[in-house]
Amino acid sequence: MTSPSNVAKFRITGGKALDGEVLISGAKNAALPILLCSVLTDEEVVLKRVPDLADVKTSFHLLTELGKACSYDAATNSAVLKGGVTSKVASYDLVKTMRASIMALGPLLAYAGQAEVSLPGGCAIGARPVDLHIKGLQAMGADIQLEDGYIKAVAPNGRLQGGHVIMDKVSVTGTENLMMAAALADGVTVIENAALEPEIVDLAVCLRKMGAQISGDGTSRIEICGVKKLHGCEHSVVADRIETGTYLIAGIATHGIVSCCGANPSTLETLLTKLRQANAVVDVDGDRITADMRGRVIKPVDIITAPHPGFPTDMQAQFTVMNALAEGVSSVTETIFENRFMHIAELNRMGAHLEIKGNTVICSGVSGLKGAQVMSSDLRASASLVIAGLAAEGITIVDRIYHMDRGYEHIESKIMGLGGSIERFY
Ligand code: UD1
């Protein structure tokens with residue numbers, strides 16, 4: 001694998017135990033649907049704790065392309081969105097850089113009666129189809145054609161109708177897309193087998209502030225009674241549970257002590273249980289979670305990814321680094337996405353003993369990793385390589401860190417604040 005020399009890389013000098021406090025940002029996966037739900041109103045939507053991330057910038061480009069007036073102050077993480085949409089097209093150039101742009105489809109169709117959103121295309125962590133989004137909108141009366149690589153959708157007479165949607169598979173952005181569409185539909189929509197992720201609940205909280213009538217969010221049956229008009233609101237985005245878990249694991253893998261402040265422990269129960277099984281001393285005090293691994297050995301823990309409240313697929317790669325350094329053998333099974341093991345070969349280049357068998361990785365723990373030159377393949381894979389680099393002896397170069405910039409705010413300053421040694425170079 002080669003990459004152009006001007007692509008940003010991290011140089012990490014490993015082997016130092018992380019020690020300190022890190023302030024957790026707003027969740028990327030909550031911020032993206034919440035930014036897009038502003039399409040449902042022409043009134044002012046004010047959002048706080050919007051993380052300064054590449055995917056958030058892509059969302060602003062998308063909203064601007066749709067005709068919204070957007071302003072963002074990265075220093076205070078506040079965004080203001082106003083005005084009605086004037087375009088109904090989410091172009092390929094934006095959708096290909098951020099698959100979550102598919103969530104423009106539901107709100108555009110509900111607000112403007114029409115939408116054209118590019119098909120996202122392939123993705124490094126598997127095929128990731130959008131059939132559930134399309135079927136759900138069809139159940140709400142949308143007429144949908146796939147033409148020239150675009151999903152072209154029309155709501156007959158300009159309005160979607162409430163519908164009964166049974167999702168064949170649990171889909172997070174699928175559920176969010178349908179919730180937003182149903183908020184402005186005529187009549188009642190019921191979504192069965194809905195996703196339970198905390199980001200769904202945060203979107204529902206924001207939509208209710210806008211006047212939507214939604215109940216059942218956080219359960220597998222969400223009911224939405226459509227209203228004629230939604231209004232502006234102010235909302236603060238929920239804490240990022242995946243960022244929280246990533247820093248806790250970085251602390252554990254380096255045998256240090258890390259406190260995550262501004263976190264939301266109730267969204268992380270499964271992970272915290274697994275961290276305790278791995279022998280970390282985990283303490284929860286309000287919005288502060290501390291994992292202390294000083295002087296302790298890492299115990300191997302089997303994990304199987306599953307929709308919330310199961311073990312999150314977005315924590316699988318990071319947890320694998322802990323298992324790679326554990327005293328004994330464990331297994332990591334991925335059930336959500338195929339092809340989400342691209343970090344395994346890179347971790348093995350750093351001295352890990354990880355073997356892929358179907359959708360399971362058998363982890364035979366080693367006593368230490370060695371710095372190496374490694375390549376990121378996707379967002380969470382890159383987080384695992386950074387954690388491995390921090391834990392390894394010597395220098396690790398992580399290439400293609402643009403993946404990590406999609407989901408981790410102020411990575412270098414947060415890691416350096418914990419005493420880690422990381423620098424960006426080109
Ligand atoms: C969201 C998260 C992502 C996380 C994932 C699973 C956002 C922006 N992204 O992605 O970080 O890894 O949930 O927790 O919130 N599927 C279909 N048809 C569809 C839609 C999905 O078959 O129409 C399949 C997918 O291929 C996958 C499974 O359903 O196997 C779950 O995917 P889904 O929950 O939709 O993931 P995303 O919402 O894309």
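Atom set for the values below is all heavy atoms of this structure, side chains included, hydrogens, waters and symmetry mates excluded. Just follow the structure's listing: the first ligand is 1, and inside any ligand the first atom is 1.
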Crowding at [atom1], [X] (>12 non-hydrogen neighbours, <6.0 Å):
{"X": "Ile304", "atom1": "CD1", "value": "no"}
{"X": "Lys96", "atom1": "NZ", "value": "yes"}
{"X": "Lys209", "atom1": "NZ", "value": "yes"}

Worksheet entry | Asp52 bridged to Lys57 by N-O distance under 4.0 Å | yes
Worksheet item: So, Glu412 and Arg424, do they make that salt bridge, N to O below 4.0 Å?
Response: yes
Item to complete: Give yes or no for whether the N/O distance cutoff of 3.5 Å, strictly under, is met between Phe337 and ligand 1.
Response: no
Practice prompt. Please indicate whether any nitrogen or oxygen in Val172 is less than 3.5 Å from any nitrogen or oxygen in ligand 1.
Written response: yes
Check each heavy atom of [X] against ligand 1 and say whether those closer than 4.0 Å belong to the side chain, the backbone, both or neither.
{"X": "Arg340", "value": "side chain"}
{"X": "Leu132", "value": "both"}
{"X": "Asp131", "value": "both"}

Worksheet item: Pick from Leu63, Leu81, Leu109: which one makes a side chain to side chain contact (heavy atoms under 4.5 Å, CB included) with Val39?
Response: Leu63
Practice prompt. Pick whichever of Lys169, Arg99, Glu176, Lys135 has a heavy atom sitting closest to atom 29 (O) of ligand 1.
Written response: Lys169
Response to the item:
Check: of Asp314, Thr305, Asp168, min heavy-atom distance to atom 11 (O) of ligand 1 comes from Asp314
For [X], counting its heavy atoms only, list the atoms of ligand 1 lying under 4.0 Å from any of them.
{"X": "Thr313", "value": "6 (C), 12 (O), 14 (O)"}
{"X": "Ile336", "value": "27 (C), 30 (O), 31 (C)"}
{"X": "His133", "value": "23 (O)"}

Non-hydrogen atoms of [X] versus ligand 1: any pair closer than 4.0 Å?
{"X": "Glu199", "answer": "no"}
{"X": "His308", "answer": "no"}
{"X": "Val170", "answer": "yes"}
{"X": "Met315", "answer": "no"}

Discussion item. Quiz question: by atom type and distance under 3.5 Å, do the side chains of Glu197 and Asn29 form a donor-acceptor pair?
Written reply: no
Worksheet, complete the sentence: Taken in chain and number order and not counting sequence neighbours, the residues that satisfy side chain to side chain contact (heavy atoms under 4.5 Å, CB included) with Asp168 are Leu132, Lys135
Worksheet, complete the sentence: With sequence neighbours left out, the residues meeting ring-ring contact (aromatic ring centres under 6.0 Å, His included) with Tyr408 are none
